Asker: 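Handing you a structure now.
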Amino acid sequence: MTSDQIAFVVAGAAAGGFINGLAGFGTALFALGFFLSVMPPPQAVAVTVVLSVISGIQGLWVVRAAIWERPRRLMRFLLPGLLGIPLGIITLAVIDARTLKLIIAGFLVLYGGFFSLRRALPRFERPTPLIDSGVGFLGGILGGAASLSGALPTMWCSMRPWPKAETRAVLQPFNVIILAVTTAILALRGAYDATTLLFIAVAVPSTMIAAQIGIAVFKRLPDDLFRRMLIAMCLLSGIILMARELL
């Protein structure tokens, strides 16, 4: 492993870890650009999903009380999401992954841009169990098809006037579990050879430290500011994803 490879891996792991610690998602969108500079796409994805799970587990501990307070809310997203993963994998045989990513990027940009420009945040206060389950199911499909499990749940949860801990108590475990299943599938397909494991070993320390910094910032954010940050993250994530697929 060259010094340039180490530098890109450490920088990508730090960027992805920080944003995951701050928002509870986004590791892939912020780390893959660095990783793709020094490793082929399948290997970059394999490294990224492992780091997403590792940094996400740290975030789970921060909102553990909120998770246990409302487990049914999480299950409305998670159980359909798990059912959607195999369908997402099957979808790849029918729909081009690049096309799917561009469609999702377009939705993220439109959603993030529209609500970022509004003074008042959207407020869906009434219970919506069927919509929650539908969003979770589609998130699982996108996780299996393109490792984008967090896109739709983040868009939906940012419209709910929940405290930041409750919002994260849905997004963080949802993404961790969906991506952990994705990691297991990749492992069964032989994605984790010696070189990939070496990249992971180099990346883990920086992603763990950066995630802790992101968590420290998260703890200091007011609830409304956290919701605005999620919306801005949707916009930024969409721009990054679209640029990566088009350039």
Side-chain angles (χ1 to χ4, degrees), residues 19-20 23-29 49 52-53 56 59-60 63 66-67 69-92 95 97 99-116 118 121-182 223 226-238 241:
I19 208 66
N20 193 300
F25 77 105
T27 301
L29 292 166
V49 293
S52 298
V53 174
L60 285 178
V63 293
I67 293 172
E69 283 177 5
R70 296 181 179 272
R72 290 185 179 180
R73 178 188 287 171
L74 171 60
M75 290 300 107
R76 289 203 301 265
F77 287 87
L78 181 57
L79 295 180
L82 292 172
L83 294 176
I85 294 175
L87 185 57
I89 294 172
I90 295 171
T91 300
L92 276 179
I95 300 177
T99 301
L100 182 61
K101 289 180 180 180
L102 286 173
I103 292 172
I104 296 303
F107 276 114
L108 287 168
V109 169
L110 289 173
Y111 170 86
F114 177 74
F115 285 114
S116 293
R118 293 189 59 177
L121 293 174
R123 298 181 66 88
F124 283 89
E125 298 188 12
R126 62 184 179 84
T128 54
L130 291 179
I131 297 177
D132 293 348
S133 297
V135 169
F137 182 66
L138 291 174
I141 292 175
L142 291 176
S147 297
L148 292 173
S149 58
L152 293 181
T154 300
M155 292 168 67
W156 177 238
C157 289
S158 64
M159 291 192 288
R160 311 306 299 272
W162 300 336
K164 64 179 183 179
E166 291 186 17
T167 301
R168 189 161 182 155
V170 171
L171 294 177
Q172 192 91 68
F174 180 86
N175 285 321
V176 167
I177 294 172
I178 295 295
L179 292 175
V181 173
T182 303
D223 290 338
F226 180 70
R227 291 181 66 211
R228 288 195 177 277
M229 186 203 69
L230 286 182
I231 292 170
M233 281 283 298
C234 287
L235 174 60
L236 182 58
S237 299
L241 181 59

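Just so it is clear, the structure is predicted and the values come from calculations on it, not from any experiment. The figures that follow rest on heavy atoms only: side chains count, while hydrogens, waters and symmetry mates do not.
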Asker: Are Phe25 and Ser237 close enough that some pair of their side-chain heavy atoms sits under 4.5 Å apart?
Answerer: yes

Asker: What is the distance from atom CG of Leu236 to atom CE of Met229, rounded to the nearest 0.5 Å?
Answerer: 11.0 Å

Asker: Could you tell me the separation between the CD1 atom of Ile131 and the CH2 atom of Trp156, rounded to the nearest 0.5 Å?
Answerer: 4.5 Å

Asker: What's the separation between atom CD1 in Ile141 and atom CG in Leu87, rounded to the nearest 0.5 Å?
Answerer: 4.0 Å

Asker: Do Asn20 and Gln172 touch side chain to side chain, with heavy atoms closer than 4.5 Å?
Answerer: yes

Asker: Between CG of Leu110 and CG of Leu235, what distance do you get to the nearest 0.5 Å?
Answerer: 10.0 Å

Asker: Any idea which heavy atoms bring Cys234 and Leu108 closest together, and the distance?
Answerer: O-CB, 3.3 Å

Asker: Do Arg160 and Thr128 pass the side chain to side chain contact (heavy atoms under 4.5 Å, CB included) test, and can you show the C-alpha distance, the side-chain angles, and the key distance before you say yes or no?
Answerer: CA-CA 10 Å; Arg160 311 306 299 272; Thr128 54; 2.9 Å; yes

Asker: May I ask you to decide whether Glu166 forms a salt bridge with Arg73, counting only side-chain N to carboxylate O separations under 4.0 Å?
Answerer: yes

Asker: What residues, two or more places apart in sequence or in another chain, satisfy side-chain hydrogen bond (donor to acceptor under 3.5 Å, both in side chains) together with Trp162?
Answerer: none

Asker: Using every non-hydrogen atom in the two residues, find where Cys157 and Leu171 come nearest and quote the distance to one decimal.
Answerer: SG-CD2, 4.0 Å

Asker: Specify the closest pair of heavy atoms between Ile104 and Ala151, including all atoms of both residues, with the distance to one decimal.
Answerer: CG2-CB, 3.9 Å

Asker: So do the side chains of Val53 and Val49 get within less than 4.5 Å of each other, counting heavy atoms only?
Answerer: no

Asker: Just how far is it from atom CG of Leu74 to atom CD1 of Ile67, taken to the nearest 0.5 Å?
Answerer: 6.5 Å

Asker: Please step through side chain to side chain contact (heavy atoms under 4.5 Å, CB included) for the pair Phe107 and Leu152, ending with a clear verdict.
Answerer: CA-CA 9 Å; Phe107 276 114; Leu152 293 181; 5.8 Å; no

Asker: Yes or no on side chain to side chain contact (heavy atoms under 4.5 Å, CB included) for Ile19 and Met233, after CA distance, side-chain angles and deciding distance?
Answerer: CA-CA 9 Å; Ile19 208 66; Met233 281 283 298; 3.3 Å; yes

Asker: With side chains defined as the heavy atoms from C-beta onward, is the minimum distance between Ile231 and Arg228 less than 4.5 Å?
Answerer: no

Asker: Let me confirm one number: the OG1-CZ distance from Thr154 to Arg168, rounded to the nearest 0.5 Å.
Answerer: 11.0 Å

Asker: How far apart are the closest heavy atoms of Gly81 and Phe174, and which atoms are they?
Answerer: CA-CE1, 4.1 Å

Asker: Quick one: do Asn175 and Ser52 satisfy side chain to side chain contact (heavy atoms under 4.5 Å, CB included)? Show the steps, please.
Answerer: CA-CA 8 Å; Asn175 285 321; Ser52 298; over 6 Å; no

Asker: With a 3.5 Å distance limit and no angle check, can you tell me whether Ser158 reaches the backbone of Met155 through a side-chain donor-acceptor pair?
Answerer: yes

Asker: May I ask you to decide if Gly139's main-chain N or O and Ser149's side chain share a donor-acceptor pair within less than 3.5 Å?
Answerer: no

Asker: Where is the tightest heavy-atom contact between Ala105 and Gly238, given as atom of each residue plus distance?
Answerer: CB-O, 3.5 Å

Asker: Under the 3.5 angstrom rule, does the side chain of Asp132 hit a backbone N or O of Phe77 as a donor-acceptor pair?
Answerer: no

Asker: For residues Ile178 and Ile85, report the shortest heavy-atom separation together with the two atoms involved.
Answerer: CD1-CD1, 3.7 Å

